[in-house]
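Treat the numbers as computed from the prediction; the structure is a model and nothing was measured. When a ligand or atom number is given, it counts from 1 through the structure's own listing order. The first residue of the sequence shown is numbered 1, and numbering continues consecutively from there.
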Amino acid sequence: MAQPEKVILYTRSEIARRVKDLADQISRDYAGSDLLLIGVLKGAFMFMADLARAMSIPCQTDFIRAASYGAGSESSGTIVITKDVDAEIQGRDILIIEDIVDTGLTLRHIVDTLKLRKPNSIRVCAFLDKRGRRKIPFEADYVGFSMEDGFVVGYGLDFNEQDRHWPDVYVIPNPV
Ligand code: IMP
Ligand code: MG
């Protein structure tokens, strides 16, 4: 079957520059704090690896995984945490690292769940923010790039579990 045509959206060098800016900003904002980065699997693995390596302050790293039950690429609104964080949350400064904010439902659920464990602070850093697609209001505290709509792959983001390993980000015009 023919692959849908893909168009490059963010190149690896644009991504590297933006990730470095974010890492500098986060390093300033969290200087002297007890920072725990929590990556949302699987999509955030590449962004988190680059971001953490570009930071100049100490931090710990952990992961969480959430599944959204719904048809195809549409989020149903029922979010379930399928792999929980191992680390202690109480009293710590939590920065959730996510690949993309789309409807906002996944991050809303993760933030609300982790807040119950009484962190000192909790913020979100998203590589991409698809602003035109929200089902609920949700603002990430740090955003790599903002876009309106469109389905993107690469740099951790997948289409049916393919293409996560690509170093650049592409738009797939008509994902099916
Ligand atoms: P939300 O709950 O609708 O905000 O969905 C967030 C999740 O949907 C992300 O963590 C991604 O895994 C996935 N997602 C949303 N948009 C895209 C996209 O354009 N490409 C790949 N995955 C996406
Ligand atoms: Mg994801």
Return a yes/no value for Phe151: is any of its N or O atoms, backbone included, closer than 3.5 angstrom to an N or O of ligand 1?
no

Tell me whether ligand 1 is touched by Gly104 - counting only heavy atoms on the residue side and a distance under 4.0 Å.
yes

Could Arg108 and Asp112 be called an ion pair, given the rule that one side-chain N must be under 4.0 Å from one carboxylate O?
yes

Is ligand 1 less than 4.0 angstrom away from at least one heavy atom of Val152?
yes

More than 12 heavy atoms from other groups under 6.0 Å of NZ on Lys83:
yes

Per-residue contact class, Leu157 against ligand 1 - non-hydrogen pairs under 4.0 Å:
side chain

With the threshold set at 4.0 Å, does a side-chain nitrogen-carboxylate oxygen contact exist between Asp102 and Arg131?
no

Closer than 4.0 angstrom, basic N to acidic O: yes or no for Arg17 and Asp21?
no

Parallel, tilted or perpendicular, as decided by the 30° and 60° cut-offs, for the rings of Tyr142 and Tyr30:
tilted

Sub-4.0 Å atoms of ligand 1 with respect to non-hydrogen atoms of Lys130:
16 (N), 17 (C), 18 (C), 19 (O)

Considering the heavy atoms of Thr106, write down every atom of ligand 1 situated less than 4.0 Å from one of them.
1 (P), 2 (O), 5 (O), 6 (C)

Can a salt bridge be assigned to the pair Asp84 and Arg117 using a cut-off of 4.0 Å between side-chain N and carboxylate O?
yes

Taking 4.0 angstrom as the limit and counting only heavy atoms of Thr103, give me the atoms of ligand 1 inside it, by number and element.
1 (P), 2 (O), 3 (O), 4 (O)

With atoms numbered from 1 as shown, which atoms in ligand 1 lie under 4.0 angstrom from a non-hydrogen atom of Asp102?
1 (P), 3 (O), 4 (O), 5 (O), 15 (C), 16 (N)

Begin from the C-alpha positions of Glu161 and Lys42 and carry the test salt bridge (charged side-chain N to carboxylate O under 4.0 Å, His left out) through to its verdict.
CA-CA 10 Å; Glu161 294 299 328; Lys42 305 173 195 172; 3.0 Å; yes

Taking 4.0 angstrom as the limit and counting only heavy atoms of Asp99, give me the atoms of ligand 1 inside it, by number and element.
9 (C), 10 (O), 11 (C), 12 (O)

Does ligand 1 have a heavy atom under 4.0 Å from the side chain of Lys135, from its backbone, from both, or from neither?
neither

Taking only non-hydrogen atoms of Glu98 and a 4.0 Å limit, the atoms of ligand 1 in range are 10 (O)

Short side-chain to backbone donor-acceptor contact, Asp34 and Arg92, under 3.5 Å:
no

